[in-house]
Amino acid sequence: MQNKKLTDAVYYVGADDKTLDLFEGQYVIPDGISYNSYVIMDEKIAVMDTVDKRATDEWFKNLDEVLGNKEPDYLVVLHMEPDHAANIQHFLEKYKNAKIVTNPKTFNMIPQFFEHLDLEGRKIVVNEGDELVLGEHSLTFVMAPMVHWPEVMVAYEKKEKILFSADAFGKFGALDTDDGDWDCEARRYYINIVGKYGVQVQSLLKKAANLDIQKIFALHGPMLTENLGHYIEKYDIWSSYRPEDKGIFIAYASVYGNTKKVAEKLKEILEAKGDVKVTLADLARDDMAEAVEDAFRYDRLVLASITYDGGLFPCMESFIAHLKHKNYQNRKVAFMENGSWAPLAAKKMKAELENCKNLTFLNNTVSIRSALKDADIKQLENLADELLSD
């Protein structure tokens with residue numbers, strides 16, 4: 001995406017990246033990612049964050065087109081993660097008179113990334129509520145620690161009523177592939193990247209509630225200019241760990257396909273018994289981040305695993321570890337196990353989740369020996385009834 005005029009004074013100068021295979025080294029991004037950066041043109045010119053090193057040349061080209069023969073006065077750093085801060089040194093070397101505006105935690109972190117960067121005389125230190133006046137426009141800074149790094153802050157521009165929200169309200173996907181469906185990839189992004197820090201996100205939402213926000217410009221994904229209540233409501237749901245939708249997510253780990261057949265049979269029984277959304281995931285093959293997303297999205301979870309070396313199949317073990325790491329809570333959970341001589345998976349799965357907050361473990365546990373048989377259907381019927389009961 002080339003630079004774009006967003007308002008009379010604010011320009012987009014970021015870049016799309018559709019060549020990166022894994023975001024943060026682990027999340028598949030089939031539609032790419034955007035590294036967003038903005039310029040506020042006023043008596044003083046502020047550049048809002050840089051971009052990943054993969055987009056350095058495009059970013060500087062976009063900056064040159066917007067700035068023309070002018071030079072920026074400030075580089076505002078909201079977040080030090082390398083996909084947004086990789087070009088701090090390049091920027092300061094090119095624009096010799098520009099100053100860097102950020103908070104003390106960020107200034108402490110900058111030398112960790114840029115060992116020989118001399119900031120003498122170029123620092124403007126801001127804290128909670130401080131204001132940077134650019135002319136008709138001004139930025140008020142709001143600290144947002146652990147959303148999702150400790151140094152994160154956001155900035156509110158009061159003339160245009162823009163919240164520059166750092167990684168909050170971001171989503172996967174390059175801007176030129178955006179199909180307008182924000183929820184799906186924003187949910188996967190939030191749950192897997194920010195999801196552990198729901199308490200901190202709730203704190204930021206409370207601060208933001210005191211601001212008249214009409215636009216949200218994040219560091220990834222589209223600029224949000226309409227229906228902001230929808231996006232804020234989603235963030236409130238996700239960060240308070242409430243289920244977003246009523247439904248049942250069945251996550252299974254199967255070696256020879258027998259446990260898969262049990263999961264599919266449960267789905268068939270559930271759908272025959274009631275009008276209910278049921279989603280399946282093969283943890284060995286499907287995107288782990290999407291499976292984690294669905295576990296948080298729906299109010300009921302069924303875990304189905306073989307017993308493997310006296311424990312859990314590795315992909316199920318990994319899935320549960322992801323849930324725990326992201327503070328999984330406030331759901332109903334049921335277990336199905338399979339084993340040829342000593343089924344232990346249900347016991348192991350339950351033990352892994354027992355310290356999670358406000359999980360309700362269902363009474364019915366399905367235990368299969370090797371392959372699904374006619375006599376096992378009654379177990380599935382009983383579990384389905386319990387899953388569908390209020």
Side-chain angles (χ1 to χ4, degrees), residues 1-6 10-39 47-66 77-88 90-91 113 147-149 152 164-195 215-227 230-231 234-235 238 281 285-294 296-297 322 326:
M1 178 179 179
Q2 299 298 315
N3 67 77
K4 178 182 178 182
K5 191 172 186 178
L6 302 175
V10 181
Y11 294 77
Y12 179 87
V13 290
D16 279 343
D17 185 352
K18 291 186 283 187
T19 64
L20 184 66
D21 58 340
L22 294 175
F23 184 77
E24 290 194 351
Q26 60 179 318
Y27 304 113
V28 297
I29 46 172
D31 294 321
I33 194 75
S34 68
Y35 310 120
N36 296 346
S37 174
Y38 308 91
V39 176
V47 177
M48 308 297 292
D49 293 288
T50 77
V51 298
D52 191 271
K53 63 183 179 181
R54 298 167 62 88
T56 297
D57 291 343
E58 183 175 352
W59 182 62
F60 276 114
K61 177 176 178 291
N62 291 342
L63 270 178
D64 288 342
E65 289 179 1
V66 168
V77 178
L78 299 179
H79 185 18
M80 266 305 295
E81 203 166 5
D83 55 336
H84 308 300
N87 283 286
I88 288 175
H90 294 147
F91 178 92
F113 290 94
V147 185
H148 61 117
W149 277 25
V152 173
F164 294 94
S165 63
D167 271 348
F169 298 97
K171 70 180 283 287
F172 294 126
L175 295 184
D176 70 357
T177 61
D178 186 63
D179 62 1
D181 180 10
W182 181 87
D183 292 12
C184 183
E185 286 293 68
R187 183 190 302 108
R188 187 166 72 98
Y189 178 94
Y190 174 86
I191 295 298
N192 287 281
I193 294 175
V194 189
K215 303 177 183 67
I216 298 175
F217 293 172
L219 288 176
H220 295 294
M223 291 89 252
L224 306 178
T225 59
E226 296 178 350
N227 198 21
H230 172 79
Y231 308 116
K234 291 297 184 185
Y235 254 62
W238 300 338
R285 292 174 174 81
D286 295 337
D287 176 28
M288 181 63 72
E290 191 166 331
V292 172
E293 172 197 346
D294 280 346
F296 277 86
R297 179 176 183 176
H322 278 80
K326 301 303 178 185

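Quick caveat: nothing in here was measured; it's all calculated off a predicted structure.
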What residues, two or more places apart in sequence or in another chain, satisfy salt bridge (charged side-chain N to carboxylate O under 4.0 Å, His left out) together with [X]?
X	value
D17	R54
D286	none
D83	none
K18	D176

Using side-chain hydrogen bond (donor to acceptor under 3.5 Å, both in side chains) as the criterion, list what pairs up with [X], not counting sequence neighbours.
X	answer
T56	N87
S165	none
W149	none
Y190	none

Separation between [atom1] of [X] and [atom2] of [Y], rounded to the nearest 0.5 Å:
X	Y	atom1	atom2	result
T50	F91	OG1	CZ	9.0 Å
K215	E226	NZ	CD	10.5 Å
R297	R187	CZ	CZ	4.0 Å

Does any part of the side chain of [Y], heavy atoms only, come nearer than 4.5 Å to the side chain of [X], both counted from C-beta?
X	Y	answer
R188	D287	yes
D16	E58	no
F296	W238	no
I88	F113	no

Identify all side-chain donor-acceptor contacts of residues 22-33 below 3.5 Å with residues at least two apart in sequence or on another chain.
{"residue": "Y27", "atom": "OH", "partner": "N192", "partner atom": "O", "Å": "2.9"}

Residue set satisfying side chain to side chain contact (heavy atoms under 4.5 Å, CB included) with H230, at least two apart, ordered chain then number -> D183, N227, K234
The side chain to side chain contact (heavy atoms under 4.5 Å, CB included) partners of D167 (sequence neighbours excluded) come to H79, E81, H84, H148, Y189, L219, H220
Considering all heavy atoms of both residues, which atom of S37 and which atom of W59 are nearest to each other, and what is their separation?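 The answer is OG-NE1, 2.9 Å.
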With sequence neighbours excluded, residues passing ring-ring contact (aromatic ring centres under 6.0 Å, His included) with Y38: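 Listed in chain order: Y12, F164, F217.
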Looking at N36 and G14, would you say the former's side chain and the latter's main chain have a donor-acceptor pair under 3.5 Å?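 Such a contact is absent between N36 side chain and G14 backbone.
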Check whether S34 reaches the backbone of G221 with its side chain - one donor and one acceptor, N or O, closer than 3.5 Å. yes
Looking at D181, I want to see if its CG is surrounded by more than 12 non-hydrogen atoms of other residues, nucleotides or ligands under 6.0 Å. yes
Do C184 and K171 pass the side-chain contact (heavy atoms from CB on, under 4.5 Å) test, and can you show the C-alpha distance, the side-chain angles, and the key distance before you say yes or no? CA-CA 9 Å; C184 183; K171 70 180 283 287; over 6 Å; no
Do L6 and T225 pass the side-chain contact (heavy atoms from CB on, under 4.5 Å) test, and can you show the C-alpha distance, the side-chain angles, and the key distance before you say yes or no? CA-CA 10 Å; L6 302 175; T225 59; over 6 Å; no
